[in-house]
Amino acid sequence: MTTLALFVLLFVFMFMGLPVAIALGLSSLLTIMAFGTDSLASLSLKLYETSEHFTLMAIPFFILAGAFMTTGGVAKRMIRFAIASVGHLHGGLAIASVLACVLFAAVSGSSPATVVAVGSIVIVGMVRAGYTESFAAGVVCNAGTLGILIPPSIVLVVYGAVTETSVGALFMAGVVPGLLLGLVLMVAIYIIARVRKMPRQPRASMAEVATAARDSIWGLLLIIIILGGIYGGIFTPTEAAAVAAVYAFVIAVFVYRDIGMKQVPEVLIDAAKVTIMLMFIIANALLFAHVLTTERIPQAIAEQIIAWDMSSWQFLIVVNILLLVAGAFMEPTGIILILAPILFPIAMELGIDPVHLGILMVVNLEIGMVTPPVGLNLFVTAGITKMNISQVIRAASPWLLLLLSYLAFITYVPAVSLWLPGLFG
């Protein structure tokens, strides 16, 4: 009865149009008041405790680092480096767009930010070079999803906080799948470009490539600082986020000088708005998870699945279907916060590695970013191209089959996710 009430209230509030954070918090509150034994004072204390979660402190710092990198000229320098490196290939500008998304994802941690930073520059350039606007928009819309897989990923931080999985291990686990997906997209573009005879750019000289690399090196060093610092034992993921924010500020203001000191307060305010919105959702979602745990709902579901004698590979099919459906209607952070507390105990009972489960969930949520009706990347792409949303959906849809095939590969070849964390112990 408690389980039914909790989820019925949640979905009723969401269908009423209430924000996800309010729906999560209100459904939890009413369920506890009607069926639970906790007092309202204990709920208030739990809500306060979630805001002090040490791992979650990484989120505002990563958001701030991404804000400085996005506002500054880091994306432009990375795009120039990508074009100089691969622009001479068939479909070179499109391939360079994917490479730029890979590089910028490694400093932003956000999928929409990656689409905006890269797409606002390369889509116009691709159209001028002879590509169709639909093809250009489809490439960037899908490649931008790498922002939540390649570290530092805010979604992975949230998963780590909810499931108490090592964020450092999750970051390391996201490197190979992220780079591999970028490579898969580049190979697909190259094959399509050869068949359709798409335009190529003049080959850049080694001096031009070296100059472009030197200009973008300060941005690229951020990922080395984050992962190197964590795995070198210099600082924790949360401390790495703080270092990243300071580093991004210094690079944007004093090295590249794309931002003046007068613009810094504006960047801080923009980052604070995103942080407040996200942390409010997280606080209410952790309250929701508290109700789940108190009422032993995940444990009951896990016991039922074990009683059905469901194997791990069958469970992973169910997980993929559930996440793909949820991804079409909700944003990634909300899905992680609602479903991870339910799926995680079951996965542990079936012997599924928690790091592999985290990467699997994020790849599912990448697909959700380009799935109608509420795929966030679709709306961001529509905003920067001035295309209507139905045109963007048609442009992004042909790439979904490729992403789904990659999801199947990641699901049943866990070594792709676990090799690098295992290598570093």
For [Y], is there any backbone N or O sitting under 3.5 Å from a side-chain donor or acceptor partner on [X]?
| X | Y | value |
| --- | --- | --- |
| H356 | I410 | yes |
| T371 | A328 | no |
| T381 | A137 | no |
| Y256 | D215 | yes |

Distance check, rounded to the nearest 0.5 Å: [X] atom [atom1] versus [Y] atom [atom2]?
| X | Y | atom1 | atom2 | value |
| --- | --- | --- | --- | --- |
| N320 | N364 | CG | CG | 4.5 Å |
| I154 | F61 | CD1 | CZ | 13.0 Å |
| L360 | L323 | CG | CG | 7.0 Å |
| K273 | T275 | NZ | OG1 | 12.0 Å |
| I217 | M78 | CD1 | CE | 9.0 Å |
| F135 | W399 | CZ | CH2 | 4.5 Å |

Any side-chain heavy atom of [X] sitting closer than 4.5 Å to one from [Y]?
| X | Y | answer |
| --- | --- | --- |
| S111 | L376 | no |
| Y159 | L357 | yes |
| T411 | V363 | no |
| I150 | V175 | no |
| L324 | L404 | yes |
| Q391 | S134 | no |
| P151 | M172 | no |
| V392 | N388 | no |

For the student: nearest non-hydrogen atoms of [X] and [Y], plus distance:
| X | Y | result |
| --- | --- | --- |
| A169 | P421 | O-CG, 3.7 Å |
| A58 | A241 | O-CB, 3.4 Å |
| L156 | G358 | CD2-O, 4.3 Å |
| N142 | A396 | ND2-O, 3.4 Å |
| A67 | V267 | CB-CG1, 3.8 Å |
| V162 | P341 | CG1-CG, 3.6 Å |

Worksheet item: Parallel under 30°, tilted from 30 to 60°, perpendicular over 60°: which one fits the rings of H90 and Y190?
Response: perpendicular
Response to the item:
side chain to side chain contact (heavy atoms under 4.5 Å, CB included) test vs L24 passes for just one of L29, L9, L10, namely L10
Practice prompt. Please report the C-alpha distance between L403 and E366 in whole Å, then the side-chain angles of each, then the deciding distance to 0.1 Å, and finally whether the side-chain contact (heavy atoms from CB on, under 4.5 Å) criterion is met.
Written response: CA-CA 9 Å; L403 294 181; E366 283 189 289; 6.0 Å; no
Worksheet entry | T165 side chain to T163 side chain, donor-acceptor N/O pair below 3.5 angstrom | yes
Worksheet item: Would N377 and T145 count as having a side-chain donor-acceptor pair, cut-off 3.5 Å?
Response: no
Worksheet item: Does the pair K76 and R80 meet the rule for a side-chain contact (heavy atoms from CB on, under 4.5 Å), with working shown?
Response: CA-CA 6 Å; K76 293 179 182 179; R80 282 200 294 267; 4.3 Å; yes
Practice prompt. Begin from the C-alpha positions of F68 and Y247 and carry the test ring-ring contact (aromatic ring centres under 6.0 Å, His included) through to its verdict.
Written response: CA-CA 9 Å; F68 277 118; Y247 178 85; over 10 Å; no
Discussion item. Could you go through V157 and F171, starting from their C-alpha distance and side-chain angles, then the distance that decides it, and tell me whether this counts as side-chain contact (heavy atoms from CB on, under 4.5 Å)?
Written reply: CA-CA 8 Å; V157 174; F171 277 5; 3.7 Å; yes
Discussion item. Run the side-chain contact (heavy atoms from CB on, under 4.5 Å) test on R214 and F81 for me, step by step, so that the C-alpha distance in whole Å, both residues' side-chain angles and the decisive distance to 0.1 Å come before the verdict.
Written reply: CA-CA 9 Å; R214 187 176 64 249; F81 172 63; over 6 Å; no
Discussion item. With a sphere of 6.0 Å drawn around CD of Q263, does it hold more than 12 non-hydrogen atoms of other residues, nucleotides or ligands?
Written reply: yes
Worksheet entry | Evaluation steps, salt bridge (charged side-chain N to carboxylate O under 4.0 Å, His left out), between D258 and R77 | CA-CA 11 Å; D258 297 310; R77 291 174 174 84; 2.8 Å; yes
